[in-house]
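Note that the numbering runs from 1 along the sequence shown for the chain.
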Amino acid sequence: MNKFYKVTAQLEQSLGGISYDKLDISDEVKEQVELVLAQFRRAKGRVDEPDVRLYEDMLSVYNNSSDAATDPSVLSQLAEKLKLMGIADLTQESLALHEMVASSGGDPGARIEKMSMLLKKIKDFVQIENLVKDDNLGGKGIFSKVYGLGTNEKSHQAPVIPDDFRCPISLELMKDPVIVSTGQTYERTCIEKWLQAGHGTCPKTQQTLTSTVLTPNYVLRSLIAQWCEANGIEPPKRPSGSQPSKSASAYSPAEQSKIGSLLQKLISVSPEDQRSAAGEIRLLAKRNADNRVAIAEAGAIPLLVSLLSVPDSRTQEHAVTALLNLSIYENNKGSIVSSGAVPGIVHVLKKGSMEARENAAATLFSLSVIDENKVTIGSLGAIPPLVTLLSEGSQRGKKDAATALFNLCIYQGNKGKAVRAGVIPTLMRLLTEPSGGMVDEALAILAILASHPEGKVTIRASEAVPVLVEFIGNGSPRNKENAAAVLVHLCSGDQQYLAQAQELGVMGPLLELAQNGTDRGKRKAGQLLERMSRLVEQQQEVPTQTETQAQNEDTEPPLITNPDDS
């Protein structure tokens with residue numbers, strides 16, 4: 001760590017000493033150097049110097065077996081520096097120590113006994129200190145500092161931004177995440193600069209971009225907003241430059257005439273004209289945001305909606321895909337739903353070709369970004385055919401269905417509908433598929449449904465605990481987080497599932513997750529560890545009660561005197 005720290009400092013010093021004005025380099029290169037320099041400075045700020053005082057304080061308490069001689073200020077510094085200031089932290093440490101005892105064959109030895117004594121001193125001090133400060137400050141004690149409930153702003157630490165929420169170019173929290181043709185997500189302004197500089201590759205993967213179209217990543221934007229709200233941060237506002245640059249009225253007469261002629265074909269009695277016009281509008285709407293504005297303002301949306309129920313499958317496919325492309329522009333989403341599109345989209349989802357069904361699911365997902373649309377879509381019967389597509393569709397169809405279901409089930413009223421449509425058995429099957437291509441989506445949806453009473457009952461009945469324990473141990477960081485979230489709900493109010501998870505060896509993976517997981521993963525692991533700690537304590541009390549009962553039976557006369565009564 002010290003070697004890396006020195007190298008970081010040297011690189012930061014070297015880059016900081018460059019005089020850009022004396023070098024014949026482009027603005028783009030300057031920006032890249034400044035970005036790297038900023039990251040080095042940030043890395044320097046994250047490195048802790050060796051804490052000699054912490055070592056000395058720990059050693060003094062470790063070697064001192066007298067409670068009375070322990071300085072409370074020393075215990076306070078230890079609790080704060082070791083981050084053992086909350087119930088979850090102390091429980092996690094106790095369980096880790098318990099694991100060390102178990103691995104030693106039941107003989108802890110003097111070293112572990114001293115560690116246990118040290119932990120007990122810190123635990124007792126924290127509990128007493130908390131009670132005292134609760135009395136004096138109206139409940140704002142040491143835990144208030146830990147969880148940010150106090151009034152001292154200096155004690156509040158900014159939450160760590162998850163890597164998935166950072167732009168790979170700027171490494172900052174994304175305001176307007178967009179997807180490029182390789183599937184990677186970037187901040188819109190950053191990737192636009194990259195493309196304007198003449199680059200034709202994906203910055204992260206170095207793959208050639210097949211298209212320069214930037215598709216808004218509504219799922220990620222929604223997740224970032226939820227994370228900001230949960231951490232008390234103001235959600236980032238999209239820059240005004242991400243909106244379309246002109247309205248339909250700004251188009252030339254020739255452009256408006258072309259769109260008008262396509263709309264005339266949409267209402268033609270000729271199926272061939274309808275099909276070709278819908279196909280052209282599909283492509284125009286895909287091309288850029290300005291086209292989406294112009295096509296919608298020309299009145300195309302109601303005409304496309306009317307084509308969703310025509311017998312020709314190809315026309316259906318063009319119409320639903322055109323609506324999908326138009327819905328990318330935020331202001332069109334409400335217009336599409338208010339035009340009565342949802343029943344027609346559901347019809348295509350049930351009866352259309354596989355590609356049409358895939359695009360119908362993607363359209364429902366895009367529309368459901370707006371909260372009121374979640375209610376409308378769920379009430380108009382979209383969820384059962386989405387579950388069917390999730391079960392029977394192509395790989396792309398399953399992905400589209402899963403993202404739509406995830407978004408719809410954020411609304412509490414849709415969770416029961418999804419459970420009754422049979423989504424949970426389908427999700428459990430996807431979790432155990434050899435390919436593992438749908439694990440991320442399946443666990444994310446389960447984590448939402450587990451909070452619903454019907455969902456919890458159904459997941460419990462599907463024997464999910466062994467599968468969840470496996471993912472907590474061996475899944476990706478996001479999968480570990482979601483599997484732990486599901487397990488928290490399953491174990492709520494029923495220790496049977498907690499005991500089962502413990503028998504399956506979940507303790508070690510949970511300790512690892514609590515240390516190195518995502519922020520949400522750490523919280524979920526802490527909740528499970530705290531419940532397991534209580535379970536362990538109860539299990540330890542049972543033998544004591546049994547021994548007491550046996551002693552009583554030795555000294556008291558038997559209550560059953562007639563053998564038949566037994």
Side-chain angles (χ1 to χ4, degrees), residues 164-165 174 177-185 213-227 320-321 323-328 330 333 336-337 341-342 345-346 348-350 352 354-371 373-378 380 382-411 414-415 417-419 421-424 426-427 429-431 433 435-450 455 476 478-479 481-482 485:
D164 292 343
F165 296 169
M174 285 187 273
V178 293
I179 306 169
V180 298
S181 62
T182 59
Q184 299 296 324
T185 297
V213 173
L214 303 178
T215 305
N217 192 335
Y218 291 111
V219 173
L220 186 59
R221 192 193 304 168
S222 175
L223 292 173
I224 290 172
Q226 292 175 33
W227 177 83
V320 77
T321 310
L323 289 171
L324 168 62
N325 294 336
L326 289 171
S327 73
I328 294 172
E330 200 86 17
K333 297 181 192 293
I336 293 170
V337 173
V342 175
I345 296 170
V346 172
V348 175
L349 185 61
K350 292 177 180 178
M354 180 52 70
E355 185 174 350
R357 292 171 68 194
E358 292 167 356
N359 291 339
T363 307
L364 291 175
F365 158 67
S366 178
L367 296 175
S368 65
V369 169
I370 298 176
D371 286 340
N373 289 350
K374 292 180 175 68
V375 182
T376 304
I377 294 168
L380 292 173
I383 290 176
L386 283 172
V387 173
T388 302
L389 183 61
L390 180 66
S391 176
E392 303 173 357
S394 62
Q395 187 66 15
R396 183 193 154 199
K398 290 178 179 179
K399 294 274 186 185
D400 289 329
T403 52
L405 285 167
F406 174 86
N407 228 28
L408 289 171
C409 288
I410 293 173
Y411 170 58
N414 287 335
K415 294 178 182 178
K417 293 183 176 75
V419 174
V423 72
I424 288 175
T426 299
L427 295 172
R429 180 171 53 78
L430 293 175
L431 287 179
E433 279 184 345
S435 65
M438 292 293 297
V439 168
D440 293 355
E441 294 84 354
L443 280 173
I445 298 171
L446 280 175
I448 291 180
L449 296 179
S476 67
R478 191 65 64 196
N479 290 341
E481 168 193 314
N482 282 324

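Expressed to the nearest 0.5 Å, how far OG1 of T426 lies from NZ of K398 amounts to 9.5 Å. Here CG of L324 is found 10.0 Å from CZ of F365. Values are rounded to the nearest 0.5 Å. The CD1 atom of I383 sits 12.5 Å away from atom CG of L390, with the distance rounded to the nearest 0.5 Å. With rounding to the nearest 0.5 angstrom, the CZ atom of F406 is 10.5 Å from the CG atom of L449. Atom-to-atom distance recorded for L367:CG and S327:OG is 5.0 Å, nearest 0.5 angstrom.
Residues that satisfy the salt bridge (Lys or Arg N to Asp or Glu O under 4.0 Å) test with D164, not counting sequence neighbours, are R478. Residues passing the side chain to side chain contact (heavy atoms under 4.5 Å, CB included) test with P384 are A421, sequence neighbours excluded. Checked against side-chain hydrogen bond (donor to acceptor under 3.5 Å, both in side chains), N482 has the following partners two or more places apart in sequence or in another chain: R520. Partners of K374 by salt bridge (Lys or Arg N to Asp or Glu O under 4.0 Å), not counting sequence neighbours, listed by chain and number: D371. For the side chain to side chain contact (heavy atoms under 4.5 Å, CB included) test, residues two or more places apart in sequence or in another chain that qualify with S394 are M354, E358, R396. Checked against side chain to side chain contact (heavy atoms under 4.5 Å, CB included), A450 has the following partners two or more places apart in sequence or in another chain: I459, V486, H489. For K399, the side-chain hydrogen bond (donor to acceptor under 3.5 Å, both in side chains) partners two or more places apart in sequence, or in a different chain, are E441. Among residues two or more places apart in sequence or in another chain, the side chain to side chain contact (heavy atoms under 4.5 Å, CB included) test is passed with L431 by M428, V439, A442, L443, L446, V467, F471. Under the salt bridge (Lys or Arg N to Asp or Glu O under 4.0 Å) criterion, K333 pairs with no residue at all, not counting sequence neighbours. Remark: T376 engages no residue in a side-chain hydrogen bond (donor to acceptor under 3.5 Å, both in side chains) (not counting sequence neighbours).
Heavy atoms only, all atoms of each residue included: R357 and G352 are closest at CD-O, 3.4 Å. Of all heavy-atom pairs spanning A341 and I336, the tightest one is CB-O, 3.2 Å. Nearest heavy-atom pair across V419 and G455 is CG2-CA, 3.7 Å. A pairwise comparison of heavy atoms in S476 and D440 identifies OG-OD1, 4.3 Å as the closest pair. For the residue pair C409 and I448, the shortest heavy atom distance occurs at O-CG2, 3.2 Å. Taking each heavy atom of L349 and A382 in turn, the nearest pair found is CD2-O, 3.9 Å.
Among pairs with a residue in residues 383-393, those fulfilling side chain to side chain donor-acceptor pair (under 3.5 Å) read S391-R429, at least two apart in sequence or across chains.
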Worksheet item: Run the side-chain contact (heavy atoms from CB on, under 4.5 Å) check on V180 and L214 step by step: do they pass?
Response: CA-CA 5 Å; V180 298; L214 303 178; 3.8 Å; yes
Worksheet item: Do L405 and N414 pass the side-chain contact (heavy atoms from CB on, under 4.5 Å) test, and can you show the C-alpha distance, the side-chain angles, and the key distance before you say yes or no?
Response: CA-CA 9 Å; L405 285 167; N414 287 335; over 6 Å; no
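Of the possible donor and acceptor atoms, one in the side chain of T363 sits under 3.5 Å from a partner among the backbone N and O of N359.
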